[in-house]
Amino acid sequence: MKRREFLRKSLAASMALGPLATFASPRLDSLHLVAGPEDRARYMARMLDTLCTQIGPRYAGSEAYDRSAELIAQELALAVPKTELDEFSLRAWRLLEEPIFYCGGRSLECYPAFGSAWPDQNGARGVLTRQAGAFEIVDPTSKQVTARVNISTYGRAVTGVIDPASENAHIPTICIGKQDVAFLEDAVASRSTARVHFKAEFIDDARTSNIVGTLPGETDEEILIFAHADTQYNTPGANDNTASLIIVLMLAHAFSGTRPKRTMTFMGTGSEEYMLLGAKHYVERRRAEDSLHNIKFCINFDSLTYGPNLYVHTLDEELRQIMGSIHHDLRLHNEFDPAYPIAFEYPGAVRSEAHPYAEAGIRTIDLNSRGYDEEQLPLWHRPEDTADRVPPDCVENSFLVFNEYLRRIQAL
Ligand SMILES: [Zn+2]
């Protein structure tokens with residue numbers, strides 16, 4: 001029996017005992033895992049080790065993602081009586097060989113964008129030109145762009161994403177680090193040639209999944225709390241977004257064994273890094289099942305560990321005020337930098353994975369963080385985003401804030 005099948009069957013078997021029996025089961029009280037600060041630190045370290053160090057990169061459609069999804073489902077099954085892998089199909093992408101970007105006698109670090117077209121075996125060749133915010137390699141005869149070279153926002157080369165439906169999806173696209181920009185500008189000035197080699201493939205009808213755990217409440221009204229569980233292909237993704245996903249699990253443990261007023265759904269989404277597919281799939285599925293209207297509140301975490309200042313994106317004034325008063329009441333003053341309030345409201349709409357939920361009229365907050373920018377932001381979508389780079393204070397603060405937030409919105 002495949003492991004996933006086994007998991008599904010064993011979960012179904014435990015559910016067959018009925019809600020009362022499973023509720024009484026000591027297996028479904030996992031509060032002890034997160035009872036005190038030391039328990040929480042230990043839990044975070046253990047899960048980061050499992051997911052980031054032992055498994056590593058977990059990109060959409062990869063076997064590593066599937067393995068991690070099973071482990072995450074097992075963790076959720078300790079906390080809540082109903083757990084499932086919510087599968088969906090995607091056209092996956094896989095890099096088949098190390099990329100090479102050669103210019104001006106040097107080989108530069110680069111990563112192809114996830115979903116990028118790839119050059120033929122001769123490579124993408126031509127003269128390097130400068131464009132707004134990027135470089136391009138242009139065939140001197142045909143004047144066609146043979147490759148696009150994006151520049152990392154924060155530091156060394158990172159991955160990116162190409163939407164296969166976009167206008168330039170046929171152009172092989174890589175990203176280089178900021179440290180190589182001056183060198184490449186000189187190469188443009190001296191009309192140097194450049195070439196890019198890599199091989200990739202698309203996998204039609206690949207499968208991936210969201211991991212969903214439900215704690216039944218007294219009513220069908222529901223609170224959905226989620227964080228993406230996938231990573232880019234070149235990184236263990238400890239800060240983006242594994243630590244935040246583990247905070248979702250910790251919150252599930254914190255409510256384990258209780259019967260809250262509103263049903264609570266804890267979710268890890270698949271394929272966020274590739275076009276937000278998991279969150280979009282789940283909202284459509286709930287719409288098709290005619291249960292989307294049950295979801296009254298939605299909370300989305302993406303990278304809560306870039307610093308002690310939570311970036312709160314919401315269009316809901318009452319929820320914004322609740323976040324503010326929690327910081328006040330828990331005395332979570334930010335002594336790191338008085339110029340940053342600990343709860344900072346990012347101006348503008350709710351973005352990213354939370355967007356379709358806010359669009360559907362669900363009261364949504366979407367969170368990111370800042371404060372340790374210099375140390376943390378250069379890790380983004382990089383191999384160095386490892387388990388040891390997650391700041392423990394951000395984990396503990398986030399747990400305390402959202403444990404309290406969930407209790408307050410339960411009472412609304
Ligand atoms: Zn992310």
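Whatever order the structure lists ligands and atoms in, that order sets their numbers, starting from 1.
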Among all residues two or more places apart in sequence or in another chain, which pass the ring pair (Phe, Tyr, Trp, His ring centres under 6.0 Å) test with Tyr282? none

Does the distance from a Lys or Arg side-chain N to an Asp or Glu carboxylate O, for [X] and [Y], drop under 4.0 Å?
{"X": "Arg382", "Y": "Glu109", "value": "yes"}
{"X": "Arg40", "Y": "Glu396", "value": "yes"}
{"X": "Arg46", "Y": "Asp49", "value": "no"}

In Å, rounded to the nearest 0.5 Å, how long is the span from CG of Asn241 to OG1 of Thr269? 7.5 Å

Will you find, in the side chains of Tyr43 and Glu75, an N or O donor that is under 3.5 Å from an N or O acceptor?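 Per modelled atom types, Tyr43 and Glu75 side chains form a pair under 3.5 Å.
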
For the Zn ion (ligand 1), which protein N/O/S atoms fall under 2.8 Å? Skip waters. His228 NE2, Asp240 OD1, Asp302 OD1, Asp302 OD2

